[in-house]
Amino acid sequence: MHWHRYRSLAALLCLCIIPLSSCFVRRRTVRAPGNRPSAPLLSATKNELIERVHRIADPLQSFSMEMDMSPSVGSLYVGEVKDYATLDGYVLFRKPDGIRVLGLAPVIGSTVFDMVSLGEIFRIHIPSKNRFIEGRNDSAPTSKKQLENLRPVAFLTSLIIQPPDAMGDITLLEEDMSERDAFYILLIIRRDADQPWLVRTLHFDRRNLDIIRQKTFDSSGMVLSDTRYSGWKIYGGIRFPSEVYIQRPQDHYEVMLNVRNMKINTADLTAEKFILNQPPGTELQQLR
């Protein structure tokens with residue numbers, strides 16, 4: 001008898017709850033992932049995305065760039081950023097790994113820094129400090145003034161988007177979507193007999209398949225650089241972003257680059273343009 005009474009009570013309770021269930025449900029209309037009427041999503045395979053990177057990187061032998069350079073110290077990662085005045089900037093690049101970056105003070109045009117990297121070694125001249133710094137590209141930052149920790153290799157890593165190494169890397173494809181955006185992400189994993197590790201990710205906007213972001217990581221998985229790209233244009237027949245935003249969270253600085261002019265594969269970028277000797281009378285600081 002008690003069993004029948006409990007069943008009757010349970011049935012009555014369900015009948016009471018059902019009319020109220022709509023109070024706990026909220027319906028909303030959403031767009032399909034990444035869907036915008038003016039820009040339908042494009043599809044691509046992993047190999048097609050890798051080929052897009054090759055079309056950017058392979059024909060790029062050298063360039064000279066004029067730009068506005070806006071540095072900041074601190075980081076979004078630590079919740080505080082201090083902006084500095086925009087500099088006139090110049091970048092020279094020559095394959096495979098030669099890069100020279102020159103920053104000039106606005107209006108007066110005096111040199112704020114001149115830095116060059118070839119292979120594993122970098123050199124920096126800071127005239128206002130009468131200092132000349134030389135060291136390895138993997139040297140840890142040493143100055144408490146974050147802008148003095150600028151390294152030419154940071155520009156090289158961000159400006160030159162390399163395709164995966166078919167022999168040394170494993171490449172995976174990930175799809176990422178939200179109500180507003182849709183991406184393809186290439187995850188580039190370094191082959192290592194002891195411990196393979198994620199070295200880079202390349203993010204492609206599925207509305208146009210442009211590369212919009214590149215992240216690099218150290219062997220512990222921490223972010224070395226986080227670079228965002230926009231405003232892709234044609235320079236000398238090669239597509240290149242006109243806006244590049246570089247974040248270096250471990251070094252606690254950021255740099256926004258806005259390209260004013262760019263010359264691609266010019267014959268005058270000889271090896272001599274990437275020589276930076278110590279000026280007489282400057283203090284030498286060697287980093288190991």
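For reference, positions follow the sequence shown, starting with 1.
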Please report, to 0.1 Å, the donor-acceptor pairs under 3.5 Å made by any side chain of residues 131-138, with sequence neighbours excluded.
{"unit_1": "Arg131", "atom_1": "NH1", "unit_2": "Glu148", "atom_2": "OE1", "d": "2.9"}
{"unit_1": "Glu134", "atom_1": "OE1", "unit_2": "Gln286", "atom_2": "NE2", "d": "3.4"}
{"unit_1": "Glu134", "atom_1": "OE2", "unit_2": "Arg123", "atom_2": "NE", "d": "2.6"}
{"unit_1": "Glu134", "atom_1": "OE2", "unit_2": "Arg123", "atom_2": "NH2", "d": "2.8"}
{"unit_1": "Arg136", "atom_1": "NE", "unit_2": "Asp138", "atom_2": "OD1", "d": "3.1"}
{"unit_1": "Arg136", "atom_1": "NH1", "unit_2": "Glu120", "atom_2": "OE1", "d": "3.0"}
{"unit_1": "Arg136", "atom_1": "NH2", "unit_2": "Asp138", "atom_2": "OD2", "d": "3.3"}
{"unit_1": "Asn137", "atom_1": "OD1", "unit_2": "Ser117", "atom_2": "OG", "d": "3.4"}
{"unit_1": "Asn137", "atom_1": "ND2", "unit_2": "Ser117", "atom_2": "OG", "d": "3.1"}
{"unit_1": "Asn137", "atom_1": "ND2", "unit_2": "Gly119", "atom_2": "O", "d": "2.9"}

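- In this structure, the side-chain hydrogen bond (donor to acceptor under 3.5 Å, both in side chains) partners of Asp268, at least two apart in sequence or on a different chain, are Thr266.
- Listed by chain and residue number, nothing satisfies the ring-ring contact (aromatic ring centres under 6.0 Å, His included) test with Tyr184 (two or more places apart in sequence, or in another chain).
- For Arg206, the salt bridge (Lys or Arg N to Asp or Glu O under 4.0 Å) partners are Glu175, not counting sequence neighbours.
- When the side-chain hydrogen bond (donor to acceptor under 3.5 Å, both in side chains) test is applied to Arg94, no partner is found at least two apart in sequence or on another chain.
- Here Asp210 pairs with Arg239 in a salt bridge; the nearest charged N to carboxylate O distance falls below 4.0 Å.
- Within the structure, salt bridge (Lys or Arg N to Asp or Glu O under 4.0 Å) contacts touching residues 58-69 (residues at least two apart or in different chains) are Asp68-Arg260.
- Evaluation of the side-chain hydrogen bond (donor to acceptor under 3.5 Å, both in side chains) rule for Thr86 yields Ser70 as partners, not counting sequence neighbours.
- With sequence neighbours left out, the salt bridge (Lys or Arg N to Asp or Glu O under 4.0 Å) criterion links Arg190 to Asp169.
- Partners of Thr157 according to the side-chain hydrogen bond (donor to acceptor under 3.5 Å, both in side chains) rule, which considers only residues two or more places apart in sequence or in another chain, do not exist here.
- Scored by the ring-ring contact (aromatic ring centres under 6.0 Å, His included) test, Tyr229 finds no partners at all (sequence neighbours excluded).
- Residue pairs meeting the salt bridge (Lys or Arg N to Asp or Glu O under 4.0 Å) criterion with at least one partner in residues 98-119, sequence neighbours excluded, are Arg100-Asp114.
- With sequence neighbours left out, the side chain to side chain contact (heavy atoms under 4.5 Å, CB included) criterion links Ser128 to Ile126.
- In this structure, the side chain of Asp218 engages the main chain of Ser220 through a donor-acceptor pair within 3.5 Å.
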